[in-house]
Amino acid sequence: MTGQARIRVILLGFLLGAVTGCGGSSEGGGQSAAAPTVYVIKFPHVVAAATPKGQMAQRFKELAEERFPGRVRIEVYPSAQLMEDTESIEALAFGEVQMIATSVALFDRLTPKLQLFDLPFLFPDLAAVERFQKSPEGNALLTALTEHGILGLQYWHNGMKQFSGPRPIIEPADARGLKFRVMESDITQAQIEAIGGNPQKMAFGEVYQALQTGTVDAQENTWSNIYSSKFYEVQPYMTESNHGYIGYYVAVNAEFWQSLPDDLRAGLTATLDEVTQWGNARSEAINLESKQHIIESGRTQLTVLTPEQLAVWQQAMSPVWDEYRDRIGADLVDAALAAAK
Ligand code: LMR
């Protein structure tokens with residue numbers, strides 16, 4: 001086949017895939033009765049391979065391909081190589097990618113409910129988050145997006161958020177006037193507004209450069225993201241505040257998932273459950289390790305807030321609760337509060 005003919009065949013295949021809604025996600029099935037279908041799962045994410053999410057995505061790929069040789073290929077694209085987060089949600093709904101693990105905050109464009117996880121100081125630690133995620137209410141959220149063609153399968157942890165900036169951020173007044181990069185989500189924006197900062201919504205892949213060039217002054221993220229994306233190299237002050245949670249809604253394109261043979265879907269589901277248990281149990285340690293590396297680098301100065309100082313932050317961010325409680329659903333917030341205790 002000439003190069004041009006080959007490109008035409010590939011393009012045709014892609015278009016047909018798009019028309020069936022499966023996004024070119026299977027190979028080989030139609031060629032001969034004997035050729036097994038290889039289901040291709042494109043799985044983009046935005047963080048480094050060494051982070052909790054990066055490790056879980058890679059392990060899922062390795063175990064799934066080992067258990068279903070020649071039947072599934074999982075293409076993991078870390079570090080926003082394929083696309084940024086907001087684009088990935090759209091791409092998943094349209095079947096252009098088959099799986100994502102995107103921060104829960106970013107699904108606010110589809111449902112207000114998932115903003116629950118970004119209510120400041122709702123969860124004291126990952127154990128509390130997990131109790132809620134495993135509760136009936138937490139579990140029910142996995143099917144909150146089915147009308148958009150998106151099915152949640154699991155929650156993956158990253159960790160708790162910390163602040164960094166060009167000056168020590170010890171009390172809310174220290175944030176006043178600083179430009180903070182936030183995820184592209186309204187509730188994270190509201191939280192920075194509540195403390196008098198100037199929030200700038202921005203894709204993760206742009207943050208390092210924005211901090212380096214001064215397009216933004218400050219940011220909030222987990223230790224593992226701050227370390228693996230080197231934010232600490234361009235932020236002279238860090239504050240351990242644990243004021244919020246970053247975790248992921250691990251979701252598939254529902255139509256693609258239903259199109260899988262039953263045994264493959266069941267096997268991938270079981271593999272994902274296993275990987276989730278493995279990775280969620282390690283995420284805290286990965287974050288602590290990253291924190292340690294940051295401290296040892298000597299590039300930044302860390303302040304750990306006392307319970308009294310944290311109470312001041314909690315009070316300062318309470319308007320976010322007033323604004324979002326009913327939008328999210330008061331029952332859901334109460335269920336999370338009960339699980340968080
Ligand atoms: C962020 O944008 O800061 C996070 O959502 C990145 C991630 O995937 O952890």
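From a predicted model like this one, the values you see are computed outputs, not experimental measurements. Just so you know, ligand 1 is whichever comes first in the structure, and atom 1 is the first atom listed for that ligand.
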Which of the atoms of ligand 1 are close to [X], meaning less than 4.0 Å from one of its heavy atoms?
| X | value |
| --- | --- |
| Y248 | 7 (C), 8 (O), 9 (O) |
| V47 | 6 (C), 7 (C), 8 (O), 9 (O) |
| N221 | 1 (C), 3 (O) |
| D85 | 5 (O) |

Looking only at protein heavy atoms, what sits closest to atom 4 (C) of ligand 1 is S103 OG, 3.6 Å
Quiz item: Between T146 and T143, is any side-chain donor less than 3.5 angstrom from a side-chain acceptor?
Solution: no
Report yes or no: does R181 have a heavy atom closer than 4.0 Å to ligand 1? yes
Would you say the ring centers of [X] and [Y] fall short of 6.0 Å from each other?
| X | Y | value |
| --- | --- | --- |
| Y77 | F43 | no |
| F132 | F117 | yes |
| H157 | Y245 | yes |

Proximity of [X] to ligand 1 by residue part, where a heavy atom lies under 4.0 Å:
| X | result |
| --- | --- |
| N225 | side chain |
| K53 | side chain |
| M202 | neither |

Scan for ring-ring contact (aromatic ring centres under 6.0 Å, His included) pairs involving residues 298-341, sequence neighbours excluded, and state none if there are none.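 Non-adjacent pairs meeting ring-ring contact (aromatic ring centres under 6.0 Å, His included): F163-W313.
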| said: Determine whether a donor-acceptor pair (N or O, by modelled atom type, separation under 3.5 Å) exists between the side chain of Q162 and the backbone of N242. | reply: yes
- Item | Check: I74 and E65 side chains under 4.5 Å, non-hydrogen atoms |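 They are in side-chain contact.
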